[in-house]
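Here's the structure, in structure tokens; my notes come after.
All figures in this text were calculated on a predicted structure; none of them were measured in a lab. All residue numbers refer to positions in the sequence shown, counting from 1. Any value given below was found using the heavy atoms of this structure, including those in side chains, with hydrogens, waters and symmetry copies removed.
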Amino acid sequence: MRKLLIGLLSIFLLCGFSAKDFDINNLKNYHKEFKTEEMTVCSSSSVKTYMSYKAITNTASKQYEIISGLTVDETTGFLYDEDGFIAVALGANFGELGSRYYFTLSSGIVIPVIKADAKSLSHVPNGCSTDGGSVIEFIIDEQISKEYFGQGPSGLASFGNFNNDPRFEGSIVKVEKVLDEKVEEGITYEENIEVVNTLNFNDITY
């Protein structure tokens, strides 16, 4: 029975992890659950700033509607949708509010995001990045994030660039627009061979 459990665990590890198991500590192992269309990378910047979700106050706005449907992570202060996509503000190049994307970084990290706010044209005239280079602007509960990531001059939330955290470190090398259709479940034939070899059917108790 123990070897059977090891085999099942191997399947899980080979397939990555799903949104319900989302954890910012494991973004290098993030499993993309949706089909995508690759986009042109408009900036390779590594800068990742933030804004407080409490700055979105217009109750009649699309931004407010989206934010109201998200979950605030009580540990990190990040906001997530039902599929584990992190709330961010993006420029006009990234389509309509509610659009979702996978950002792949040079470190191998994949950040799944939902566009919950639009950066103004005055701050992002090129539709991509600010003068300071920020493409991704996380939308957070500022108080929770400061407690988790650190306050003061060296604290990440106070310092204003989450690229200083190794869990988000890296320049943008790939951008994919997430489609509504999920990737088909299952593993490849080669992975099946590897898993089957770990099973000892004589050890299975019926």
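Checking side-chain atoms of K115 against main-chain N and O of G95 turns up a donor-acceptor pair under 3.5 Å. A side-chain donor-acceptor contact under 3.5 Å links S61 to the backbone of N58. Of the possible donor and acceptor atoms, none in the side chain of S46 sits under 3.5 Å from a partner among the backbone N and O of S171. Listed for the D81 side chain is a donor-acceptor partner under 3.5 Å among the backbone atoms of D83. Between the side chain of T104 and the main chain of V173, no donor-acceptor pair closer than 3.5 Å is present. Listed for the N29 side chain is no donor-acceptor partner under 3.5 Å among the backbone atoms of N26.
Within the model, atoms OH of Y50 and NZ of K48 stand 16.0 Å from one another, a figure rounded to the nearest 0.5 Å.
In this structure, the side-chain hydrogen bond (donor to acceptor under 3.5 Å, both in side chains) partners of K119, at least two apart in sequence or on a different chain, are S134.
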Under the salt bridge (charged side-chain N to carboxylate O under 4.0 Å, His left out) criterion, do K32 and E176 qualify, and how do the steps go? CA-CA 11 Å; K32 299 175 184 177; E176 298 165 271; 2.4 Å; yes

What verdict does the salt bridge (charged side-chain N to carboxylate O under 4.0 Å, His left out) test give for K177 and E37, after you've listed the backbone C-alpha separation in whole Å, the side-chain angles of each residue and the deciding distance to 0.1 Å? CA-CA 5 Å; K177 187 178 189 320; E37 289 179 349; over 6 Å; no

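Using a 4.5 Å heavy-atom cutoff, the side chains of M39 and F94 are in contact.
In the hydrophobic clustering of this structure, I56 groups with L70; members are Ile, Leu, Val, Met, Phe, Trp, Tyr whose side-chain heavy atoms approach within less than 4.5 Å, directly or through other members.
Checked against a 6.0 Å centroid threshold, the rings of Y30 and F103 do not count as neighbours. You'll find the ring centres of F34 and Y101 outside the 6.0 Å limit.
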